[in-house]
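Just below is one structure, and these are the notes that go with it.
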Amino acid sequence: LEATLAPEDRNCPTRLPYAKVMAWHRKLFERGIIAPAWPAQWGGMGASFSRQVLIADELARIGAPELSGQAINHIGPILIRFGTAEQKAELRADLGLNESTVQQYGKWLGNFAQGDFGQYYDSKQSVNTVLKQSLPVSLELMIYAQIWALLIAIPLGVTTAYRKGSRYDRSANATMFALLALPNFVVALLLAIYVGAKWQILPTQSNVIPFPLNPLDNWRYMLMPVMALTVGQIAVYMRLLRSDMIATLQEDFITTAKAKGIPTRRILWRHALRPSSLTLLTVAGLNVGALIGGALVVENALIFACARR
């Protein structure tokens, strides 16, 4: 086992602890499931698919669920390329590849219509079960991102429109243009490297604690992916609202409100913001699809236990 793991892999925080791997490997060896030579007997080219499943079941039984999927995670591509004819036939039968493409698609579509999304090939776990556990976390992440994007973008849009052409307006616009050029996965990686790994301010990976159980820890784990998703949305929303606000502030009813002596704050937030927010709200609703895709990318970049699995 030591010969198969590079020294840097043993202490890598994104991989399983080396001591745990060794302990579970010894347990399997004592039970006669695998030989000391790994990966020849575990995930190697000579191991049959049924043996990989046996190893995975044993790993799950002795309390090593993290490795139960890894036991057969890579055996499929290996068997397809290097396996014997019997091993390939066994794999194709297990995956249902002996049927035609039309039959496979028809079967999948029928199951999908009935709410059966299939199962994971590596862990044999139902996709429905995983979605029930992880989808609420992804939805929570998108809701947080949308709320915070609007809370930050609306004041910025209103104030920059009111102070159009000022140094503050130019600085805010330049910053927003720079943020628009950054993909959310780049922001997520930068946050993970500096805020998570280097400065250790926030965790970069975890199974998120449900909000009702511990709101503080829930928000602590959510903060970094929310920041990564919010950056781009703030720039879009702020630019949209600023453009509409500038046009609204030139309308006759705004001039009348100023002539009546209504305070500037009330004119901005009550009279001008309402008609200027229609485009913003429309785009925010249409942006849900982009948030779903962005959330999956950010979750994957931050090794987040959400719907991206």
Side-chain angles (χ1 to χ4, degrees), residues 14-16 56 60 64-70 72-73 76 95-96 104-105 107-152 183-189 191-192 195-196 202-234 236-237 281-309:
T14 61
R15 292 178 170 83
L16 292 172
E66 299 95 329
L67 284 177
S68 62
Q70 294 182 23
I72 57 174
N73 191 29
L95 296 177
Q104 294 179 50
Y105 180 72
K107 183 181 294 185
W108 173 85
L109 191 61
N111 294 334
F112 182 84
Q114 299 175 23
D116 183 7
F117 301 138
Q119 63 182 10
Y120 282 90
Y121 169 71
D122 55 354
S123 63
K124 301 301 179 182
Q125 190 176 13
S126 172
V127 175
N128 299 42
T129 303
V130 177
L131 282 178
K132 288 179 183 179
Q133 297 172 353
S134 59
L135 190 58
V137 181
S138 292
L139 294 176
E140 183 181 1
L141 173 60
M142 289 184 285
I143 292 173
Y144 281 154
Q146 192 78 288
I147 291 174
W148 278 102
L150 292 172
L151 287 177
I152 297 173
N184 49 28
F185 69 88
V186 173
V187 179
L189 291 176
L191 290 173
V195 180
L202 295 172
T204 59
Q205 57 178 342
S206 176
N207 290 321
V208 179
I209 300 175
F211 183 84
L213 296 181
N214 195 325
L216 184 60
D217 282 347
N218 172 271
W219 178 241
R220 181 168 172 264
Y221 287 118
M222 280 285 187
L223 187 55
M224 190 180 298
V226 166
M227 291 168 61
L229 274 181
T230 303
V231 166
Q233 307 306 318
I234 292 174
V236 173
Y237 295 162
L281 295 178
T282 302
V283 173
L286 295 174
N287 205 37
V288 173
L291 275 176
I292 294 174
L296 297 180
V297 172
V298 168
E299 291 163 5
N300 189 66
L302 296 177
I303 319 178
F304 220 55
C306 305
R308 58 97 181 172
R309 292 185 173 181

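Just so it is clear, the values below take in all heavy atoms, side chains as well, and ignore hydrogens, waters and symmetry mates.
- L141 contributes atom CG, which lies 11.5 Å from atom CD of Q146 (distance to the nearest 0.5 angstrom).
- In terms of heavy-atom proximity, L202 sits nearest to R220 at CD2-O, 3.9 Å.
- Shown here for F117 and N128, the closest heavy-atom pair between the two residues is N-OD1, 3.1 Å.
- For Y105, the ring-ring contact (aromatic ring centres under 6.0 Å, His included) partners are W108, not counting sequence neighbours.
- A donor-acceptor pair is defined here as one N or O able to donate and one able to accept, closer than 3.5 Å; no such pair exists between the side chain of N184 and the backbone of G232.
- Taking OG1 of T230 as the reference point, atom OH of Y237 lies at 9.5 Å (rounded to 0.5 Å).
- Listed by first and then second residue, the salt bridge (Lys or Arg N to Asp or Glu O under 4.0 Å) pairs that reach into residues 107-117 are E99-K107, sequence neighbours excluded.
- Taken from CD1 in I152 to CD1 in I147, the straight-line distance is 12.0 Å, to the nearest 0.5 Å.
- Using cut-offs of 30° and 60° on the angle between ring planes, the pair W148 and W219 is parallel.
- With sequence neighbours excluded, the residues forming a side chain to side chain contact (heavy atoms under 4.5 Å, CB included) with V231 are L179, V187, listed by chain and number.
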